[in-house]
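The sequence lines fix the lettering, A, B, ..., with proteins before strands; numbering per chain opens at 1.
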Amino acid sequence: MLEAHHLACQRGDRLLFHRLALAVKPGELLRIAGANGMGKTSLLRLLAGLSSPAAGSVSWHGDYIQHQRESFHAAMLYLGHAPALNDLLTPAENLRFACAVAATPASPATCSEALTRIGLQRQLPLPCKVLSQGQRRRVGLARLFLETQRPLWILDEPFTALDAAAVSDLAATLDAHCASGGAVIFTSHQDVALRTPERLLDVEAFAK
Amino acid sequence: MLEAHHLACQRGDRLLFHRLALAVKPGELLRIAGANGMGKTSLLRLLAGLSSPAAGSVSWHGDYIQHQRESFHAAMLYLGHAPALNDLLTPAENLRFACAVAATPASPATCSEALTRIGLQRQLPLPCKVLSQGQRRRVGLARLFLETQRPLWILDEPFTALDAAAVSDLAATLDAHCASGGAVIFTSHQDVALRTPERLLDVEAFAK
Amino acid sequence: MSWNSLSDFLAMGGRGFFVWGSYGAAFILIVAELWLLRVRRRQSLQRLYQLQQIEKD
Amino acid sequence: MNIFRFSSPQTFYPLAGKLIPVFGTLAVLCTIIGLYLGFFVAPTDAVQGEVYRIIYLHVAAAWMSMFIYLVMAFWSAIGLGLGTRLSFYMTQALAPTGALFCFIALWSGALWGRPTWGAYWVWDARLTSQLLLLFLYFGFIALTRSIEDPRRADKAGAIIALVGAVNVPIIHFSVKWWSTLHQGASVSMTKSSMESSMLWGMLIMAFAAWFYSLAVTLARARCIILERERHTDWAAAEIAAKGAKA
Amino acid sequence: MNIFLAVLRRDLLLAWRGRSDLLVALAFFLIVASLFPFGVGADPVQLRAIGPGVVWVAALLASLLALPRLFAQDHDSGVLEQLLLSPEPAVIWVSAKILAHWIATGLPLVLIAPLLGLMYRLEPGATQVLIASLALGTPILSLIGAIGAALTLGLRGAGSLLALLVLPLFVPVLVFGAGAVDAWAGGMSIAPHLSLLGGGSLAALALAPFACAAALRLACE
Amino acid sequence: MNIFLAVLRRDLLLAWRGRSDLLVALAFFLIVASLFPFGVGADPVQLRAIGPGVVWVAALLASLLALPRLFAQDHDSGVLEQLLLSPEPAVIWVSAKILAHWIATGLPLVLIAPLLGLMYRLEPGATQVLIASLALGTPILSLIGAIGAALTLGLRGAGSLLALLVLPLFVPVLVFGAGAVDAWAGGMSIAPHLSLLGGGSLAALALAPFACAAALRLACE
Ligand code: HEM
Ligand SMILES: Nc1ncnc2c1ncn2[C@@H]1O[C@H](COP(=O)(O)OP(=O)(O)OP(=O)(O)O)[C@@H](O)[C@H]1O
Ligand SMILES: Nc1ncnc2c1ncn2[C@@H]1O[C@H](COP(=O)(O)OP(=O)(O)OP(=O)(O)O)[C@@H](O)[C@H]1O
Ligand SMILES: [Mg+2]
Ligand SMILES: [Mg+2]
């Protein structure tokens, strides 16, 4: 469903990678590998349409993503490494806002439920500011429960700062998504046991 | 060398842990375990003297740390989960400032060397703002090379965002520190292979 | 006693608005403070009691 | 652990509970006597007419607002010096009442100013410094309210109360100097020798305000003590006893 | 439309909860306006003469001051990225953000202006004209300011850059706004001033959100 | 002493390199001062009368505006924690930070004041008094302001809270500062004004760093 051809990414003076090609099909789990600073985050942002490549193109179901921005963004979920929270809002308020923005409105009850499921029931009334690192990440990840119908997930280091239980929980969520025909592109420096066979793409192979 | 008795930590309405006791001896590696939000970070901050406990005390070589703040802080190194960088300064400038603040002045050359050793030679002239997540963490961790003579290291999630090579590198640094008679207290959700036998303290055991 | 009648008293020599405006506002504010204090005591007792019950479990 | 630290709020709480009705009654009595003297015994002012009767409210409120700030600074200094929590509680309990009196003084002064000076507001020294005092109160209250960690709120509030107290006289004199430098005699108060019934009325109203402040502050301090000491055994018992009914 | 309301609600909630932008602008406005007597002396005639000008300058500064934070927080926390990834057109939520910003920073200025009129002893008629000019003029400040805020997002020295960018565009608003009161005081018609302000508001409303959305996309590249 | 120099160097470097409090404050100062003629009309006599007051108000606003960022960035990035963990006493680096802040925000105002004197057509003598009063008064603003900035660090609506807290404390500085020029214009002695400002600076210098350090410890608890 998502394909990239001949992608190149330049940051300042440095060409991070070039001639990078990839394709993701439904049910696939693609892991982007590479050492720190090799351009994983930069690649994911290109794929999500947040920045535009120095060369090459990204297409979604055969058409360039910039030609069908709205339908592509309606079908894709991107979570960067910043959890996109406002410090003054409660987890539920943040989650509900994120869903409204993504045009998949969720009721407060659904949001609280998703947060409870991800282990934040005691933190529901707190402002996100006082949450621990892992709890903040969880608030961002709770969106995954509410957006299962989006075919493509692009996740930047989703396992960071999570404890072991949360990691295996998240792994199960990713597996379930793939099993139901979704596709996941993610990065991670941790080795996580996933049931879905994971395809690896090493950005370093495309470095100059 | 560091001992804590009967520590309690309260955040807002919530008592995170109480009656927590610990002792660290030279050459020891103490890992604080616990799920997200159980109070690991809060505990480390108490031990570093950054916040004061709701009950109990922390002592260093037999005397309360608040009675000997200066000598304790001269002997201790704390790295929180935020890497303490200014976005506009280069890695070397940040590192040099951090050392000056900690009263262990380092020359620019020493700083560049430490950064090179941690794999940032290509990023030396860049402002920290454009570094990748892992590179930012590395700048913070480069201090460890320059402060080997401090007996106690307190590190909050030092392995986060690092790639596999950097993780094993850091592990070796911690081992070396312990081997030379230093002590390390750290938290981590990742399992990392360390040569020094690691003692585990689970904060959840002290939760109410 | 310089007042001949109630209306005389209320008029305050033609300056009733200013005199009663001050005293009235002060009265209202003081009553409001007392009332808010009562509310605060009741609410905090309730909240603390609930917290206590929660912490018991 | 210092015994004194722990025992203080505990012994203070019931004591305050007993004192509140006493001060409350005294405040009501003084108000009645003061207003009776002021409105029914004291004669009409030769220059200002009846409107001067605002004085019984205005002066009491103005004095009280300044006095309360001093007391707050006093408790803050004690709290920061000795680390007694009760002094922080007292500081915080005093502030809203101080702000209230400050506002009443401003309001009644403004209403008094219109008939006597022809304007609700002029940039006169005393008025201006009173306005700044109100800002100091608001600043203290806003600061302590917006800090969630109560221990930080205590100390931060104490710091700003002390810094403000150092500045109150400076504000007073600077502003006084400023307006006398600029401004002609557009503002001058009629200082007639005061009738003794007026003077008594004023003084007794000042006492009424004082007793009222004591009563209200103690009541507020009791709330704060309960909230802050709820983990101690005695407070928990008190909450269990009173909370079920509330 | 849903996203419009969601963004509007959240930004107003934040303004209320942080009381940040809301009160900063308002507090700043009041402070600027009430500091003047201390600086220039308490002479009532002089105060009345400079009153409208002071109030308008204060309004302009308050708007300018609140601008850098219009998008900065959302940019840093990653919320802006999510907004750009929304399937809805960006103009919609950009407009909502600007509206919320105006409600939180512009509207209070309009509402509090009568108080300042009292403080500077303006005549009631002059105060009314002042209020009308603020009501018509502050939306222009928010709309044009938002473009500047978006263009300088994440840059070094964003604050001063922003001030430099939008100031030349703000000055005409200031001139017409304060001019309206002067015209009234001089017995002239205030219609030209006010209709220029109103027309400016409408034009800015039609164009600014597009420019702003484009600038935000660039800022997040 | 080493840490004093290190902090001073770094903060000045930062001010120079970008996120410049330097430029924001200076730009703001210039903007406020130069907007006034647009707002109140260009009558030279009136301008001269309000000139010193406007300049002082502008200086005060510029200081106020730069304050929230004095510690905020270091707080968010964790640098403040490291400073608090330094074996050196906190007053030392707090003083260095305040000094750097004054050099970056207060000093430029003093240096640019002659220009404004020209703009408002002040007499040369008046401009000199203005400069002297700014030189003696702006350190007080930075010192007291730093306490406010430390107390409100990391709070909701820190900006407006800070303004509310320090405003009453700034007013005397403003009154004496602008008053000095008026006294000079009125042919009176300026010594009392200036010596009060100088004395205030010294007193603030002796006390503020301690209060500020205590407040910063609280903020990082
Ligand atoms: C907003 C307007 C006003 C404010 C803020 C204000 C404020 C104050 C303050 C702070 C005091 C206590 C001063 C001290 O004891 O040092 C005071 C006292 C007093 N005020 Fe006012 N005032 C205002 C208007 C007026 C007016 C219009 C009058 C009458 C014409 C007036 C008459 C008095 C008198 C007689 C006292 C007692 C004098 C003394 O004990 O020294 N005030 N006022
Ligand atoms: N202006 C610039 N000049 C030179 N290099 C730059 C510039 N901006 C960014 N870079 C480099 O681009 C890279 C960005 O990498 P990116 O954030 O995509 O890495 P990543 O693979 O996600 O790393 P990590 O595992 O640490 O998250 C970094 O190596 C950074 O140093
Ligand atoms: N005001 C408050 N009221 C209630 N709970 C609070 C408040 N402030 C903080 N907390 C809680 O205190 C805990 C702080 O935990 P801390 O940051 O020490 O966790 P941690 O063990 O380091 O977690 P992580 O693994 O996610 O980093 C969190 O659970 C947080 O929700
Ligand atoms: Mg990355
Ligand atoms: Mg943690």
**Item:** Arg41(C) versus Leu226(D), closest heavy-atom pair with distance
**Value:** NH1-CD1, 4.3 Å
**Message:** For a side-chain contact (heavy atoms from CB on, under 4.5 Å) check, start with the C-alpha distance between Arg230(D) and Gln52(C), then their side-chain angles and the critical distance, and finish with the verdict.
**Reply:** CA-CA 9 Å; Arg230(D) 71 185 180 93; Gln52(C) 205 172 48; 5.9 Å; no
Side-chain atoms of residues 200-215 of chain D: list all donor-acceptor pairs with protein atoms under 3.5 Å, sequence neighbours left out, distances to 0.1 Å.
residue: Tyr212(D); atom: OH; partner: Glu33(C); partner atom: OE1; Å: 2.3
residue: Ser213(D); atom: OG; partner: Ala209(D); partner atom: O; Å: 2.7

**Asked** If you count heavy-atom pairs under 4.5 Å with chain C, which of Thr97(D), Leu57(D), Val216(D) comes out on top?
**Response** Leu57(D)
**Closest contact, heavy atoms only, Ala240(D) versus Tyr49(C)** = O-CE1, 3.8 Å
**Asked** Considering only heavy atoms, which portion of Ala61(D) lies under 4.5 Å from any heavy atom of chain C: side chain, backbone, both, or neither?
**Response** neither
**Prompt:** Rounded to the nearest 0.5 Å, how far apart are NZ of Lys242(D) and CG of Leu48(C)?
**Reply:** 13.0 Å
**Complete:** Whatever's closer than 4.5 Å to a heavy atom in chain C on Tyr56(D) counts as both
**Request:** Evaluate the side-chain proximity of Leu35(D) to Tyr23(C): yes if any heavy-atom separation is below 4.5 Å, no if none is.
**Result:** yes
**Prompt:** Does the ring center of Phe39(D) lie less than 6.0 Å from the ring center of Trp20(C)?
**Reply:** yes
**Prompt:** Among Pro115(D), Gly49(D), Ala236(D), who wins on heavy-atom pairs under 4.5 Å with chain C?
**Reply:** Pro115(D)
**Prompt:** Which bit of Ile239(D) comes within less than 4.5 Å of chain C, counting heavy atoms only: side chain, backbone, both or neither?
**Reply:** both
**Asked** Under 30°, 30 to 60°, or over 60°: which ring-plane class applies to Tyr120(D) and Phe18(C), parallel, tilted or perpendicular?
**Response** tilted
**Fill in**
Checked Leu34(C), Leu36(C), Ile30(C) vs chain D; the most non-hydrogen pairs under 4.5 Å come from Ile30(C)
**Asked** If contact means a heavy atom pair closer than 4.5 Å, which residues of residues 16-27 of chain D contact chain C?
**Response** none
**Max heavy-atom pair count under 4.5 Å with chain D, selected residue of Gln43(C), Gln46(C), Arg47(C), Gln50(C)** = Gln46(C)
**Asked** Does a side-chain heavy-atom distance below 4.5 Å link Ile224(D) with Arg40(C)?
**Response** yes
**Item:** Closest approach of Leu111(D) to Gly21(C) (non-hydrogen atoms, all atoms of both residues)
**Value:** CD1-C, 3.4 Å
